[in-house]
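Each remark here refers to the structure printed beneath this line.
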Number of protein chains: 2
Amino acid sequence: MNVDEALTILKEHGYKYTGKREDILSFFATEDRYRTAKDLLQYMEPNYSGISFDTIYRNLHLFREVGILESTDLNGEKHFRMKCAHHHHHHFICKDCGLTKEIETCPMETVKTELQSFAIEDHKFEIYGLCPACQ
Amino acid sequence: MNVDEALTILKEHGYKYTGKREDILSFFATEDRYRTAKDLLQYMEPNYSGISFDTIYRNLHLFREVGILESTDLNGEKHFRMKCAHHHHHHFICKDCGLTKEIETCPMETVKTELQSFAIEDHKFEIYGLCPACQ
DNA sequence: TCACAAAACGTAATGAATACGATAAAATGT
DNA sequence: ACATTTTATCGTATTCATTACGTTTTGTGA
């Protein structure tokens, strides 16, 4: 997803356009990997000195709710990345740099037969390690 | 894993026996599901009034390190459960009560072919939802 | 039973995330 | 263009889980 697509989604949901939001989106559009709220704050600081935590977190959660970002818990800290909306898949995640690689394998179909009487709402399949550059 | 097996593991690693440790272990031996540090603290409080956070967390991490417990992050809070050591498997986890059900399916073999140049260190496959009792 | 290493206590500190009243800014209708 | 309304942001305080640490207590092996 690119910045324009994301801004369109925002507008469709009736949310306003601001310079900060565009900058947040372009941060994630450029970084094709999982980043933390702190990473984003450090990126924003130079241009918007004194930007508040509220703004960072509110927008991160808003963007996730409307489907612009996706998130995962990595050692106790929430990480965010631009959502890849084209099809269902999972991620390899580099422990060092947060880089992600798409995994096509998804075992949910076979798993469903194992969970007949359970109400499945969600699932998480992540592989962790080091990417070629970080090895 | 039962309490005696766990105590044996502790002794093998040269750690000491204490009443608190046995109680912590019997808590997890009884509860066949993911529990938080707070859950454990509430269980210990009546018998050991004034037990400290240090004791709780130190033992939880120790037990995980020697392979007595396994842990996962669930909405920003670490959850622990007795490790089922017999064979590799994953879990369905109930969002309400933390109950777990073993899943035999593990897609790592096929995934490895997708990640030739990546150093795989770990993986997580969890299914979330409601167990029959909580629906 | 004595000495020493490990465990626990009590409490303070850290760090991520959330909350909130006040202010500012963007969209909308006239 | 202007006023109105709605949303966004600021500044800061608070919550909550977790970690840290100096001191005291307690197992354990000689």
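Because only heavy atoms are used, hydrogens play no part in the values below, and waters and symmetry mates are left out as well, while side chains stay in. Every chain is numbered from 1, with letters handed out A, B, ... down the list of sequences.
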Integer-rounded Å distance: [N] [atom2] and [X] [atom1]:
{"X": "Glu65(A)", "N": "dA8(D)", "atom1": "CD", "atom2": "C1'", "value": "16 Å"}
{"X": "Leu41(B)", "N": "dT19(D)", "atom1": "CG", "atom2": "P", "value": "15 Å"}
{"X": "Glu77(B)", "N": "dT19(D)", "atom1": "CD", "atom2": "P", "value": "12 Å"}
{"X": "Leu40(A)", "N": "dA17(C)", "atom1": "CG", "atom2": "C1'", "value": "14 Å"}
{"X": "Asn59(B)", "N": "dA6(C)", "atom1": "CG", "atom2": "P", "value": "15 Å"}
{"X": "His13(B)", "N": "dA5(C)", "atom1": "NE2", "atom2": "C1'", "value": "18 Å"}
{"X": "Leu60(A)", "N": "dA17(C)", "atom1": "CG", "atom2": "P", "value": "9 Å"}
{"X": "Asp39(B)", "N": "dC16(D)", "atom1": "CG", "atom2": "C1'", "value": "15 Å"}

What nucleotide among [options] has an atom nearest to a side-chain atom of [X]?
{"X": "Asp54(A)", "options": "dG11(D), dA17(D), dT12(D)", "answer": "dG11(D)"}
{"X": "Arg21(A)", "options": "dA16(C), dT9(D), dT11(C)", "answer": "dT9(D)"}
{"X": "Ala37(A)", "options": "dA17(C), dT18(D), dA17(D)", "answer": "dA17(C)"}
{"X": "Ser52(B)", "options": "dC9(C), dT18(D), dT9(D)", "answer": "dC9(C)"}

Quick check on [N]: is either OP1 or OP2 less than 4.0 Å from any side-chain nitrogen or oxygen of [X]?
{"X": "Thr55(A)", "N": "dA8(D)", "value": "no"}
{"X": "Tyr57(A)", "N": "dA17(C)", "value": "yes"}
{"X": "Arg58(A)", "N": "dT9(D)", "value": "yes"}
{"X": "Lys20(A)", "N": "dC10(D)", "value": "yes"}
{"X": "Asn75(B)", "N": "dA17(C)", "value": "no"}
{"X": "His61(A)", "N": "dA17(C)", "value": "no"}

Can a donor-acceptor pair be found, under 3.5 Å and without considering hydrogens, that links the side chain of [X] to the backbone of [Y]?
{"X": "Arg33(B)", "Y": "Cys97(B)", "answer": "yes"}
{"X": "Glu102(B)", "Y": "His89(B)", "answer": "no"}
{"X": "Arg81(A)", "Y": "Gly98(A)", "answer": "no"}
{"X": "Gln135(A)", "Y": "Ser117(B)", "answer": "yes"}

Give me the one residue out of His79(A), Glu77(A), Glu126(A) that meets side-chain hydrogen bond (donor to acceptor under 3.5 Å, both in side chains) with Thr72(A). Glu126(A)
Do nucleotides 24-30 of chain D as a string where each nucleotide becomes B, S or -: B if the base has a protein heavy atom under 4.0 Å, S if just the sugar-phosphate does, - if no protein is that close. ---BS--
Closest heavy-atom pair, Leu115(A) versus Lys101(B), reported as atoms and distance to 0.1 Å, is CD2-CD, 3.6 Å
At their closest point, which heavy atom of Gly67(B) faces which heavy atom of Lys83(B), and how far apart are they?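 In terms of heavy atoms, the two residues are closest at O-CD, 3.5 Å.
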Mind checking Gly50(B) for me? I need base, sugar-phosphate or nothing, with any heavy atom below 4.0 Å counting as a touch. sugar-phosphate
Return whichever of Phe53(B) or Gly76(A) has its heavy-atom-nearest nucleotide of DNA chain C closer to the 5' end. Phe53(B)
Taking atom types as modelled and ignoring hydrogens, do the side chains of Asp39(B) and Thr36(B) form a donor-acceptor contact shorter than 3.5 angstrom? yes
